[in-house]
Trainee: 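First the structure, then my questions, so here it is.
This structure is a prediction, so every number in the text was calculated from the model and none was measured.
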Amino acid sequence: MKVRFIDFMKVFFALFLFLKPFYFFSSGTLQIGDICFLLSFSLYLYMVKDSRMELETIDIPLFLFVASVILINSIYFLINTSSDFLVSSIYYIYNLFVIIVFRFLMEEKSIYNLLNRVLKLNLWVQLVAFGVGYGFYAPGRFMGTYNDPNQMGFGIVTTFALLLLLNKVYRVKYLWFYYCLSFYLVLTTNSSGMILSILILLIAYLLNFYEALNIKGNRILYWLSGIVAVFSFTLLVILNFQAVSSEFFELFSRILYKLEGKSLFKAYISDRELFPLLNAPEKILYGAGEGMWARYGRGNEMHATWLSLLFCYGIIPYSLLCTWVYKNIRRSYYSSFVVYLAFFLEGLTLVNHRQPSFWMLFAFGAIVSSKKASENKNLNGNHLE
């Protein structure tokens with residue numbers, strides 16, 4: 001009976017991942033994908049009711065960070081009576097639950113195949129949407145089933161990044177093809193930060209082949225696959241040279257426009273709406289809460305970046321978050337480090353911390369690190385023999 005509950009959990013979690021990009025209702029409200037997750041989480045609670053909800057040791061810093069978020073936002077809610085602070089806290093609680101369920105399910109290796117299929121299907125859905133002309137935000141900017149082009153760009157990049165990490169513990173077929181598909185879809189969003197991220201993921205993908213050369217019997221296969229990948233990527237760019245070149249021209253034009261008449265620092269502050277950080281730098285020490293941006297003389301919301309998270313929650317909670325990230329990725333492969341480098345750089349312009357895939361990406365690092373540790377142990381054992 002317990003196995004059946006786990007199977008239902010997997011199905012609902014897979015539906016959650018598949019339906020998450022679909023916005024059937026207004027943004028910021030409960031979507032059908034979220035309902036699927038809540039069903040999966042409910043089954044988890046039922047299964048562990050006798051032993052209570054478990055929290056992995058590695059996730060204690062994340063739990064403490066979320067607890068700090070709730071405390072800080074609650075204080076500012078009581079002071080300002082703005083519901084923005086409570087809504088912000090709910091997102092963090094929700095994503096903490098996602099990580100707990102994700103950790104639990106990933107112990108069942110049978111979910112790897114399901115995860116592989118769902119992630120690939122998500123890319124195909126966006127390609128079909130593009131083909132039929134559904135989901136154009138503006139001329140030259142595509143958003144698919146997402147809420148805006150930047151959100152879609154992030155969704156595509158994280159989808160491929162998860163496939164790349166999954167490939168370390170499960171054989172993901174035609175990974176080269178899905179990189180080309182992801183690259184093309186990101187180009188359609190015309191999102192500068194996401195285009196940079198997907199290009200960095202190409203380096204991670206090629207490093208992935210280098211690391212795979214140590215796997216006995218796969219040397220020729222991986223070299224051939226790598227050659228096919230580079231050839232396919234080059235062919236994709238050649239066949240779509242006009243579209244690709246116009247996208248990059250538009251990208252650089254937007255960057256130059258933002259820098260016009262400004263220093264790089266001022267342009268960055270202005271573009272990311274980080275003025276509250278300059279107006280109240282002392283909040284870095286103890287946190288400003290996340291919401292009610294009119295307090296700082298401007299009604300525009302701060303763009304979520306690594307700096308804005310530091311400003312909203314202060315040094316100690318921010319250190320807890322950094323500790324959690326470090327513990328998850330510290331013993332990973334070189335190719336995996338490049339994956340995270342893409343998101344660290346992208347996070348200077350936008351941290352999609354409200355998206356569950358952002359947190360799952362780092363949680364997956366612990367699984368990949370565990371695989372590498374096992375390989376190193378076996379390698380050392382063979383040397384001793």
Side-chain angles (χ1 to χ4, degrees), residues 1-49 52-55 59 62-63 66 69-70 73 83-108 110-126 128-129 134-135 143-148 150-152 154-156 158-159 162-163 166 290-291 304 352-364:
M1 192 69 177
K2 197 171 185 178
V3 175
R4 286 187 57 199
F5 277 124
I6 291 177
D7 290 338
F8 280 124
M9 277 186 67
K10 292 176 188 175
V11 171
F12 283 127
F13 195 82
L15 285 172
F16 155 66
L17 293 178
F18 173 68
L19 293 171
K20 191 59 182 170
F22 291 86
Y23 284 78
F24 297 99
F25 313 111
S26 60
S27 179
T29 59
L30 199 67
Q31 304 292 331
I32 295 177
D34 298 314
I35 294 172
C36 290
F37 169 72
L38 292 175
L39 289 171
S40 181
F41 183 63
S42 298
L43 288 172
Y44 167 77
L45 291 177
Y46 179 80
M47 290 179 61
V48 301
K49 62 180 180 180
R52 294 185 300 176
M53 188 168 64
E54 297 178 1
L55 187 70
D59 289 325
L62 179 63
F63 173 79
V66 173
V69 165
I70 296 170
N73 281 330
S83 61
D84 290 353
F85 300 106
L86 299 182
V87 172
S88 296
S89 296
I90 290 172
Y91 278 104
Y92 289 100
I93 296 169
Y94 178 85
N95 285 314
L96 175 63
F97 290 161
V98 169
I99 293 303
I100 291 172
V101 173
F102 182 67
R103 293 260 196 232
F104 182 81
L105 289 177
M106 291 304 283
E107 292 179 3
E108 298 284 324
S110 59
I111 199 175
Y112 292 169
N113 180 48
L114 193 59
L115 188 61
N116 172 51
R117 292 174 181 271
V118 169
L119 292 172
K120 289 177 177 178
L121 185 58
N122 281 344
L123 295 175
W124 280 109
V125 167
Q126 303 310 317
V128 170
Y134 173 82
M143 66 179 186
T145 64
Y146 291 83
N147 208 41
D148 63 68
N150 290 332
Q151 192 181 73
M152 177 186 160
F154 178 80
I156 298 301
T158 51
T159 296
L162 285 169
L163 281 172
L166 179 63
E290 191 172 351
N352 283 273
H353 64 291
R354 290 189 172 183
Q355 295 297 324
S357 56
F358 171 82
W359 302 94
M360 287 171 55
L361 194 71
F362 291 108
F364 212 125

Trainee: If you count every heavy atom of other residues, nucleotides or ligands that lies below 6.0 Å from F63 atom CZ, does the total exceed 12?
Mentor: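 No, not enclosed.
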
Trainee: I need the full list of salt bridge (charged side-chain N to carboxylate O under 4.0 Å, His left out) pairs touching residues 23-40, with sequence neighbours left out, sorted by first then second residue.
Mentor: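 Matches after skipping sequence neighbours: K20-D34.
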
Trainee: Once ring pair (Phe, Tyr, Trp, His ring centres under 6.0 Å) is applied, do any residues pair with F154, and if so which ones, sequence neighbours excluded?
Mentor: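 Counting only residues at least two positions away or on another chain, F154 forms no ring pair (Phe, Tyr, Trp, His ring centres under 6.0 Å).
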
Trainee: Output all residues satisfying salt bridge (Lys or Arg N to Asp or Glu O under 4.0 Å) with K120, sequence neighbours left out; order by chain, then residue number.
Mentor: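 If we apply the salt bridge (Lys or Arg N to Asp or Glu O under 4.0 Å) test to K120, skipping adjacent residues, there are no hits.
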
Trainee: Between Q355 and N95, which heavy-atom pair has the shortest distance, and what is it?
Mentor: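 Looking at all heavy atoms of both residues, the closest pair is C-OD1, 4.0 Å.
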
Trainee: Could you measure the distance from the CD1 atom of I90 to the CD1 atom of I70? Nearest 0.5 Å is fine.
Mentor: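 I90 atom CD1 to I70 atom CD1 measures 10.0 Å (nearest 0.5 Å).
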
Trainee: Which heavy-atom pair separates I6 from L105 by the least distance, and what is that distance?
Mentor: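 Looks like O-CD2, 4.4 Å.
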
Trainee: Using only atom types and a distance under 3.5 Å, with no angle test, would you say the side chain of N73 pairs donor to acceptor with the backbone of E290?
Mentor: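 Yes, because the side chain of N73 sits within donor-acceptor range (under 3.5 Å) of the backbone of E290.
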
Trainee: Of all heavy-atom pairs between F358 and N352, which one has the smallest distance, and what is that distance?
Mentor: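 Taking F358 first and N352 second, the nearest heavy atoms are CB-O, 3.3 Å.
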
Trainee: Suppose we screen for side chain to side chain contact (heavy atoms under 4.5 Å, CB included). Which residues come up paired with T145, at least two apart in sequence or across chains?
Mentor: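 Side chain to side chain contact (heavy atoms under 4.5 Å, CB included) list for T145, sorted by chain: P21, F22, V125, Q126, Y134.
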
Trainee: Going by the rule salt bridge (Lys or Arg N to Asp or Glu O under 4.0 Å), which residues pair with D84 if we only count those two or more places apart in sequence or in a different chain?
Mentor: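 Partners of D84 by the salt bridge (Lys or Arg N to Asp or Glu O under 4.0 Å) criterion come out as none, since no residue qualifies.
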
Trainee: State, with a plain yes or no, whether a side-chain heavy atom of F37 is found less than 4.5 Å away from one of F13.
Mentor: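 Sidechains of F13 and F37: in contact.
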
Trainee: Quick one: does any side-chain atom of D59 pair with a main-chain N or O of L62 as donor and acceptor, under 3.5 Å?
Mentor: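 Such a contact is absent between D59 side chain and L62 backbone.
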
Trainee: Nearest 0.5 Å please: distance from the CG atom of L19 over to the CG atom of L17.
Mentor: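 If we round to the nearest 0.5 Å, L19:CG and L17:CG are 9.5 Å apart.
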
Trainee: By salt bridge (Lys or Arg N to Asp or Glu O under 4.0 Å), which residues pair with R354, not counting sequence neighbours?
Mentor: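 Partners of R354 by the salt bridge (Lys or Arg N to Asp or Glu O under 4.0 Å) criterion come out as none, since no residue qualifies.
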
Trainee: List the steps and the verdict of side chain to side chain contact (heavy atoms under 4.5 Å, CB included) for M9 and M47.
Mentor: CA-CA 10 Å; M9 277 186 67; M47 290 179 61; 3.6 Å; yes

Trainee: Stepwise, does the side chain to side chain contact (heavy atoms under 4.5 Å, CB included) test hold for F12 with V101?
Mentor: CA-CA 11 Å; F12 283 127; V101 173; over 6 Å; no

Trainee: Test: salt bridge (charged side-chain N to carboxylate O under 4.0 Å, His left out). Region: residues 90-101. Which pairs qualify, not counting sequence neighbours?
Mentor: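 Output for this query is empty, none listed.
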
Trainee: Give me the atom names and distance for the closest heavy-atom approach of I99 to A363.
Mentor: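 Taking I99 first and A363 second, the nearest heavy atoms are CD1-CB, 3.8 Å.
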
Trainee: Taking ring pair (Phe, Tyr, Trp, His ring centres under 6.0 Å) as the definition, give me every residue that meets it alongside Y92, ordered by chain and number, with sequence neighbours left out.
Mentor: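 Only F65, Y313, H353 meet the ring pair (Phe, Tyr, Trp, His ring centres under 6.0 Å) criterion with Y92.
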
Trainee: Could you state the interatomic distance from OG (S42) to CZ (F8), rounded to the nearest 0.5 Å?
Mentor: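 Between S42 OG and F8 CZ, I get 14.0 Å after rounding to 0.5 Å.
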
Trainee: With sequence neighbours left out, what residues match Y112 under side chain to side chain contact (heavy atoms under 4.5 Å, CB included)?
Mentor: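 Scan of Y112 (side chain to side chain contact (heavy atoms under 4.5 Å, CB included), adjacent residues dropped) gives M106, K109, L166, V169, Y170, I367.
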
Trainee: Only counting residues at least two apart or in another chain, list the ones meeting side chain to side chain contact (heavy atoms under 4.5 Å, CB included) with T29.
Mentor: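 Partners of T29 by the side chain to side chain contact (heavy atoms under 4.5 Å, CB included) criterion, ordered by chain and then number, come out as F25, S26, Q31.
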
Trainee: Are any side-chain N or O atoms of S40 and backbone N or O atoms of C36, one a donor and one an acceptor, separated by less than 3.5 Å?
Mentor: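 No, the answer is negative, given that no donor and acceptor are paired below the 3.5 Å cut-off.
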
Trainee: Parallel, tilted or perpendicular for F16 and Y94, by the 30°/60° rule?
Mentor: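 Correct class here is perpendicular.
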
Trainee: Considering residues at least two apart in sequence or located in another chain, which fulfil the side chain to side chain contact (heavy atoms under 4.5 Å, CB included) criterion with M143?
Mentor: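 Per chain and number, M143 pairs via side chain to side chain contact (heavy atoms under 4.5 Å, CB included) with Y137, P149.
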
Trainee: With side chain to side chain contact (heavy atoms under 4.5 Å, CB included) as the test, would you mind laying out the steps for L123 and L119 before giving the verdict?
Mentor: CA-CA 7 Å; L123 295 175; L119 292 172; over 6 Å; no

Trainee: Would you mind reporting whether V11 and L15 have side-chain heavy atoms less than 4.5 Å apart?
Mentor: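 Yes, at least one pair of side-chain atoms sits under 4.5 Å.
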
Trainee: Locate the shortest heavy-atom distance separating P356 from V98; write the atom from each residue and the value.
Mentor: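 Scanning both residues, the minimum pair turns out to be CB-CG1, 4.0 Å.
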
Trainee: Report the residues that fulfil ring pair (Phe, Tyr, Trp, His ring centres under 6.0 Å) with F97, sequence neighbours left out, ordered by chain and then residue number.
Mentor: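 Only F41 meet the ring pair (Phe, Tyr, Trp, His ring centres under 6.0 Å) criterion with F97.
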
Trainee: Rounded to the nearest 0.5 Å, what separation is found between the CG atom of L38 and the CG atom of L43?
Mentor: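 Going from the CG atom of L38 to the CG atom of L43 covers 11.0 Å.
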
Trainee: Restricting to non-hydrogen atoms, name the atom on T159 and the atom on G155 that form the minimum distance, rounded to 0.1 Å.
Mentor: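 Closest pair (atom of T159, atom of G155, distance): OG1-O, 2.7 Å.
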
